[in-house]
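Here's the structure, in structure tokens; my notes come after.
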Amino acid sequence: MSVTTSNLKEYLRIAPDSTENLEPYLAAAKAKAKTAGIPDFENNAMYDLFIMALASLYYENRGMSFSGSYQATAEENARKLINSFVLELRFAEDGVSEGTGDTG
């Protein structure tokens, strides 16, 4: 599956009839993945989850800041999560849906 704005809308639990434009967040997530050395996988569940999670992070923090009492740890935890995905996905293969037994 290649992540679409419809997938992202569902992931974010935004009403299906919402006209909110999620394309910039999805495009930014894919660009970040590519810059980090991750191939544009067509069939990799971990890649799809990473793109949706990263796009969600961009969407939910569109003010470019973390706020509240958790600010210091939230940014650090987000960075650790992103780094973990990047390290694993750099060496992943397409056509592998982890945990489902599917190979294509």
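The first residue in the sequence is number 1, and the count goes up from there.
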When rounded to the nearest 0.5 angstrom, what distance separates [atom1] in [X] from [atom2] in [Y]?
X: Met52; Y: Thr4; atom1: CE; atom2: OG1; value: 9.0 Å
X: Ile51; Y: Phe85; atom1: CD1; atom2: CZ; value: 9.5 Å
X: Leu8; Y: Leu26; atom1: CG; atom2: CG; value: 6.0 Å
X: Asn43; Y: Ser2; atom1: CG; atom2: OG; value: 10.5 Å
X: Ile82; Y: Leu87; atom1: CD1; atom2: CG; value: 12.0 Å

Checklist entry - Any side-chain hydrogen bond (donor to acceptor under 3.5 Å, both in side chains) pairs touching residues 10-31, not counting sequence neighbours? => result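 Qualifying pairs: Glu20-Tyr59.
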Checklist entry - Looking at Phe50 and Ala33, what are the two nearest heavy atoms and their distance? => result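 Residues Phe50 and Ala33, closest heavy atoms: CE2-CB, 3.9 Å.
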Next on the checklist: I need the minimum non-hydrogen distance between Ala29 and Ala55, along with the two atoms involved.
Outcome noted: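 In terms of heavy atoms, the two residues are closest at CB-N, 3.7 Å.
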Next on the checklist: Counting C-beta onward and ignoring hydrogens, is there a side-chain heavy-atom pair between Phe41 and Asp48 closer than 4.5 Å?
Outcome noted: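 Side chain of Phe41 against side chain of Asp48, heavy atoms only: no contact under 4.5 Å found.
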Next on the checklist: I want to check something: taking the side chain as every heavy atom from C-beta on, are Leu22 and Leu12 in contact at a cut-off of under 4.5 Å?
Outcome noted: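 Yes. Closest side-chain heavy atoms under 4.5 Å.
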Checklist entry - Would a distance-only check, ignoring hydrogens and angles, find a side-chain to backbone donor-acceptor pair under 3.5 Å from Asn44 to Glu93? => result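 Such a contact is found between Asn44 side chain and Glu93 backbone.
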Item to check | Side-chain donor/acceptor of Ser84 to backbone N/O of Lys80, under 3.5 Å | outcome: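 Between the backbone of Lys80 and the side chain of Ser84 there is no qualifying donor-acceptor contact (under 3.5 Å).
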